[in-house]
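Structure incoming, see below.
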Amino acid sequence: MSYAYLFKYIIIGDTGVGKSCLLLQFTDKRFQPVHDLTIGVEFGARMITIDNKPIKLQIWDTAGQESFRSITRSYYRGAAGALLVYDITRRETFNHLASWLEDARQHANANMTIMLIGNKCDLAHRRAVSTEEGEQFAKEHGLIFMEASAKTAQNVEEAFIKTAASIYKKIQDGVFDVSNESYGIKVGYGGIPGPSGGRDGSSSQSGACCS
Amino acid sequence: MKMDLVSGYKGVVGLVFGNENSSSNEDSYIERLLDRISNGKLAEDRRNAITELQLVVSESNSAQLAFGAMGFPVMLGVLKEERDDIEMVRGALETLVTALTPISHVKGSSNEVQPALMNSDLLSREAESISLLISLLSEDDFYVRYYTLQLLTALLTNFPQRLQEAILTIPRGITRLMDMLMDREVIRNEALLLLTHLIHEAEEIQKIVVFEGAFEKIFSIIKEEGGSDGGVVVQDCLELLNNLLRNNGSNQILLRETIGLDSLISILKLRGSNFTQQKTINLLSALETIKLLIMGGSETDPGKDLNRQANKTTLVQKKVLDYLLMLGVENQWAPVAVRCEAMRCIGDLIAGDSKNLDALGRKFLGEEPQVEPALNSILRIILRTSSMQEFVAADYVFKSFCEKNADGQSMLASTLIPQPYPMNRAPLEEDVNMSFGSMLLHGLTWGETDGDLEICSRAASVLSHVLKDNLQCKERVLQIEIEAPVPSLGGPEPLMHRMVKYLALASSMKSKDGKSGASRNSYVEAIILKLLVTWLADCPNAVHCFLDARPHLTYLLELVSSSSATVCIRGLAAVVLGECVIYNKSSESGKDAFAIVDAVSQKVGLSSYFLKFDEMQKSLIFINAGSTLTRKAFTRSSAASMADIQDEDENDLSEQGNLDHPILSSILNSYFVNLVTRLEADIRDQIVEVYSHPKINVAVVPAELEQKTNESDSDYVKRLKAFVEKQCSEIQNLLVRNATLAEDLAKTGGGQNSQSEQRVSGGSDRIQLETLRRDLQESSQRIEILKAEKAKVESEAIMYRNLAGKIESDLRSLSDAYNSLEQSNIQLEKEMKALKSGGSSTFPDVEAIRAEAREEAQKESEGELNDLLVCLGQEQSKVDRLSARLLELGEDVDKLLEGIGDDTGAAGDAEDEDTD
Ligand SMILES: Nc1nc2c(ncn2[C@@H]2O[C@H](COP(=O)(O)OP(=O)(O)O)[C@@H](O)[C@H]2O)c(=O)[nH]1
Ligand SMILES: [Mg+2]
């Protein structure tokens with residue numbers, strides 16, 4: 001249970017884009033074709049390593065429906081990272097990204113790292129949003145971007161880890177006051193207690209596992 | 001909107017106090033104070049006013065109501081706009097708290113208006129007010145935060161959902177509340193209570209609270225306060241924790257995966273041997289947490305089983321068994337309630353989990369050289385405790401250990417080796433070095449000396465767990481022989497026979513003791529019978545061993561129909577008999593299945609035999625045992641009473657009278673009930689089978705009936721005669737059985753009306769039927785009476801209608817008469833006028849005379865008319881009343897009365913035919 005850091009993530013995006021499947025693939029390494037509709041919020045956790053440091057990820061998978069917005073919004077501010085997911089085979093889920101982003105900007109802390117995921121990239125033949133469009137959107141809004149598949153597990157690990165690496169780098173750069181837990185970051189054993197600690201560049205080459 | 005509310009509220013105030021004046025003094029006083037607060041110029045005066053207001057509001061219900069009607073906008077205004085004036089803010093908050101706190105000395109009549117509740121209602125309606133209150137939590141002033149928390153808690157208690165919804169929509173609302181947990185002690189404790197209310201039955205809020213770090217905070221407070229040795233704050237923390245985990249799989253995963261269970265388990269760690277009541281409650285609360293984790297998430301959660309499994313595994317990995325064994329078994333000072341809860345947790349942890357079962361099987365307790373397996377220690381509790389609760393809890397450990405655990409059963413059974421006689425007599429205290437088996441055998445035969453069979457029955461309960469579904473163990477234990485208590489009384493006998501003896505002893509003691517001991521021994525009997533049922537199931541050798549002693553069968557047959565045995569005892573005895581049929585592989589005459597069925601049919605009667613099953617299934621104990629045990633949730637309110645259970649259970653026994661012992665519902669668990677239900681079906685089938693294929697003693701081979709070559713006639717005749725004789729006796733036997741069956745049939749089917757009904761439907765059904773029948777009878781009688789009444793009323797109505805018709809025609813002729821009278825009057829008048837115009841002076845008196853005459857005539861006719869009208873009025877009211885009654889009876893009155901108003905006087909007669 002000992003970790004250097006603990007990061008809190010949320011997963012957001014329209015219903016049916018594969019949020020719950022991404023979480024299950026990441027925590028349990030399996031794909032469940034028929035996943036129950038998420039009611040409210042579901043939790044998952046996993047340990048990863050970045051820069052040889054054990055990092056615990058606490059991940060909250062939210063329900064996409066409008067009726068749960070007031071519940072899911074409660075998770076924004078306390079999260080260090082967000083995975084914003086759309087479905088590359090359903091254009092409207094891509095079109096809704098702007099409103100999700102607005103929601104996040106309004107309720108989350110300004111330093112939250114957002115990873116944009118175009119999910120279901122295994123369904124290339126039914127693609128409705130090109131990779132370039134996704135990249136373009138991410139660039140415009142300062143997000144990290146990846147296409148992934150919860151079904152084949154392609155890029156799933158990478159997406160979660162790359163997000164963590166980005167947060168980790170922000171810590172190294174002293175962006176956060178990590179003693180304040182409201183940023184969704186907790187320092188454990190072996191973590192750097194404050195922004196003062198080791199800011200040497202060597203640690204930032206961490207998330208090299210990304211595609 | 002707000003104005004509407006308040007004016008409506010004023011109406012209520014008026015209503016409550018009858019008129020507005022009675023409380024108008026108070027009203028206007030409060031109004032003046034409010035006016036001073038909102039319009040006052042001097043800060044000092046405004047502060048005084050608010051202090052005064054708070055005082056007034058605290059004094060009476062009517063003042064609370066009056067404040068509610070006018071005060072909220074003013075107070076909220078202060079809170080909103082005068083944040084700088086801390087004293088005013090404090091005053092406003094304190095006044096609000098006062099207005100929301102019920103004045104306690106009111107006599108608790110529930111239909112009285114509760115001003116505090118109404119004020120809560122008013123204040124909580126506007127989400128904006130809640131948001132305002134939450135923002136006050138960031139104020140530096142201690143009292144401001146303190147009163148605000150109190151206010152929010154009061155609102156939450158009264159209108160939880162409204163508050164939950166409001167708080168969800170407030171950005172960082174829950175975060176603010178959570179921060180209070182890290183505040184000064186008083187604030188922190190207040191916040192704990194508030195959060196407990198906030199998350200009540202709100203799964204999503206529970207998750208958000210956990211997202212905000214509730215677990216870490218709770219455990220850090222518990223640690224700070226000294227764990228289980230801490231005060232009521234620890235209890236509050238644990239209650240909050242339990243509410244966050246109850247049926248909430250997501251939070252359970254989070255606790256397990258990211259916080260870990262160490263902090264929780266360490267609460268169970270004991271320091272010192274002093275158990276205050278608070279410590280007991282704290283420990284019980286922590287045990288409740290363990291239980292909640294073992295139960296897993298909500299029923300609907302698809303990952304429930306996985307989660308539950310992971311919880312169990314992690315708990316045991318974290319050495320929870322050691323702490324539980326310490327609390328439940330080793331520690332001599334732990335209160336009974338804690339010991340029982342700890343043992344139940346052990347049972348739940350190991351049930352159906354092979355790894356955990358092994359872990360428990362390998363545990364040793366005590367210190368060298370006095371170490372012994374944990375299971376031995378638990379067995380000792382079973383044999384020794386004076387608390388029924390503790391026996392049941394410890395028995396549950398064995399039940400869980402043995403279920404679907406053949407290896408574990410074999411391990412226990414392998415130690416069942418009879419000790420040489422003197423060892424067997426050793427006092428229970430010297431059993432530290434005994435094996436499990438010796439201790440169990442020791443317990444089984446304990447009653448030998450003083451006739452107290454209770455210990456024996458508890459041991460029998462453990463033995464039945466060891467044997468359940470395990471043929472190998474059953475066979476093994478069949479081999480065990482017990483020496484006679486006094487060697488001169490004969491040689492050793494099988495353990496099973498000894499158990500039957502105790503069973504017989506228990507029933508005979510009961511009949512001697514009379515009522516007082518009845519319920520105590522009925523559970524002794526039931527437990528021994530349960531052992532036999534378990535043992536004989538699927539085990540022909542056990543059946544053989546049981547039937548080896550002829551008196552066993554006779555005794556069992558008596559028990560089945562014994563009127564002094566309880567329903568449950570008779571039923572269980574019937575099951576044992578049935579097992580002697582279905583698992584009977586014997587071909588020995590007198591002991592085979594056929595013989596048993598015959599004996600049952602002759603001594604008990606088949607239908608009466610099967611009735612015993614029905615009665616048992618219907619009996620309360622079976623119904624209770626069959627349903628899955630839902631234990632009472634452990635909450636703050638129930639904590640104290642839980643901690644207090646010492647041995648109150650033994651006290652209610654005397655009141656149970658002839659009923660089965662309540663402990664039986666724990667002993668006869670659902671697993672056993674299912675076994676019995678399954679057996680019953682098999683027994684029915686088997687008995688039919690036995691009768692439909694009677695065993696033929698005399699084989700009829702056609703070839704043998706022919707005269708053999710070389711057989712002399714006389715030999716042939718002799719041989720045939722012998723054959724016929726054999727057949728004859730067989731026919732005789734069959735006839736006897738046939739007669740018995742016919743008799744039984746006659747008993748059931750013969751008296752179709754009374755008896756069969758009684759047999760088929762149970763007692764309660766019969767009673768219900770009886771009541772229904774009586775109700776039906778009463779109803780039909782009432783209908784008859786009503787019909788008669790209706791007919792009577794109808795005929796009366798007709799009579800009155802005729803009468804009315806007659807009176808009307810009288811009236812008509814009268815008015816005709818009056819009309820003609822008036823006519824003639826007018827005539828006379830005219831004539832008079834004519835005469836007058838002729839010579840008025842000549843007849844000066846005519847005018848007067850005429851007026852007089854007319855007056856008189858009028859008076860006369862008017863009087864008559866009045867009489868008639870009165871009379872008519874009376875009749876009319878009679879008709880009205882009768883009509884109403886008719887209406888009640890469902891008669892179409894209008895139709896009935898149709899035509900009465902008509903001019904045709906004879907209408908009534910014509911309509912007679914219509915109405916019928
Ligand atoms: N082919 C494919 N299907 C997916 C993938 N991820 C999710 N799905 C399917 O999309 C549906 C919705 O997934 P779910 O995780 O419940 O979406 P959520 O509402 O965002 O949580 C399910 O039927 C999944 O089987 C993927 O990567 N590839
Ligand atoms: Mg989902």
Side-chain angles (χ1 to χ4, degrees), chain A residues 1-3 5-10 20 23-24 27-28 30 32 34-47 54-63 65 67-80 103 106-109 180-189, chain B residues 127 164-179 181-182 198 202-217 219-220 244-245 248-264 297-298 300-304 306-307 310 314 317-318:
Chain A
M1 220 54 64
S2 74
Y3 49 78
Y5 292 103
L6 181 150
F7 297 160
K8 295 182 185 180
Y9 281 12
I10 51 171
S20 301
L23 176 62
L24 193 70
T27 57
D28 288 23
R30 60 193 172 95
Q32 200 176 318
V34 199
H35 197 283
D36 282 336
L37 194 66
T38 307
I39 307 292
V41 172
E42 268 165 29
F43 174 79
R46 218 190 100 179
M47 195 77 100
I55 294 187
K56 187 101 209 177
L57 297 185
Q58 286 188 338
I59 306 144
W60 279 268
D61 164 31
T62 66
Q65 301 96 299
S67 52
F68 290 108
R69 282 293 170 89
S70 73
I71 289 169
T72 55
R73 277 187 194 125
S74 305
Y75 291 84
Y76 282 78
R77 190 166 307 261
D103 219 29
Q106 192 182 339
H107 294 94
N109 73 72
N180 182 347
E181 286 181 15
S182 68
Y183 291 114
I185 298 167
K186 244 184 96 165
V187 186
Y189 299 105
Chain B
Q164 285 165 344
E165 274 163 30
I167 290 175
L168 264 184
T169 59
I170 299 168
R172 290 181 61 70
I174 292 176
T175 318
R176 285 247 176 78
L177 291 173
M178 291 294 298
D179 289 344
L181 283 182
M182 298 287 102
L198 177 67
E203 195 181 342
E204 290 311 322
I205 297 187
Q206 291 165 9
K207 291 180 193 167
I208 296 171
V209 167
V210 163
F211 173 81
E212 297 283 352
F215 287 145
E216 291 94 333
K217 292 183 170 112
F219 285 122
S220 100
L244 288 172
L245 293 172
N248 194 323
S250 178
N251 282 353
Q252 292 179 7
I253 296 173
L254 190 143
L255 176 66
R256 189 182 69 227
E257 301 284 321
T258 73
I259 314 284
L261 302 179
D262 299 293
S263 321
L264 168 64
S298 73
T300 52
D301 180 359
K304 181 183 169 133
L306 268 177
N307 179 36
T314 316
Q317 276 168 2
K318 296 284 174 188

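Only this structure's heavy atoms are used, side chains among them; waters, hydrogens and symmetry mates stay out. A, B, ... follow the sequence lines: proteins, then strands. Residue 1 opens every chain.
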**Study point:** Residue from B/Ile167, B/Thr175, B/Ile208 passing side-chain contact (heavy atoms from CB on, under 4.5 Å) with A/Ser74
**Key:**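 For A/Ser74, the side-chain contact (heavy atoms from CB on, under 4.5 Å) check succeeds only for B/Ile208.
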
Practice item. Quick one: pull up CD in B/Glu203 and CD1 in A/Ile71 and give me the separation to the nearest 0.5 Å. Key: 9.5 Å

Review point. From B/Glu257 CD over to A/Met47 CE, what is the distance, rounded to the nearest 0.5 angstrom?
Key: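 Answer for the CD-CE pair, B/Glu257 versus A/Met47, is 10.0 Å.
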
Point to revise | Contacting moiety of B/Leu254, where chain A heavy atoms sit under 4.5 Å | key: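 For B/Leu254, backbone and side chain are both near chain A.
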
Point to revise | Greatest number of heavy atom pairs closer than 4.5 Å to chain B - which of A/Gln58, A/Glu42, A/Lys186 | key: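 The option with the most such pairs is A/Gln58.
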
Point to revise | Closest contact, heavy atoms only, A/Ile39 versus B/Glu204 | key: O-OE2, 3.5 Å

Practice item. Identify the two heavy atoms, one from B/Thr169 and one from A/Ser70, that lie closest to each other, and give their separation to 0.1 Å. Key: CG2-CB, 4.5 Å

Check your understanding: When rounded to the nearest 0.5 angstrom, what is the spacing between CG in B/Leu168 and CZ in A/Arg73?
Key ->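 Output value for this atom pair is 11.5 Å.
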
**Study point:** Gap separating the CZ atom of A/Phe43 from the CD atom of B/Gln252, nearest 0.5 angstrom
**Key:**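 CD of B/Gln252 is found 12.5 Å from CZ of A/Phe43.
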
**Study point:** From A/Ser182 atom OG to B/Met178 atom CE, the distance as rounded to the nearest 0.5 Å
**Key:** 13.0 Å

Point to revise | Non-hydrogen atoms of A/Tyr75 and B/Lys207 that approach each other most closely | key: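 Looking at all heavy atoms of both residues, the shortest contact is OH-CB, 3.1 Å.
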
Review point. Rounded to the nearest 0.5 Å, how far apart are CE of B/Met182 and CD of A/Glu181?
Key: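 It comes to 9.0 Å.
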
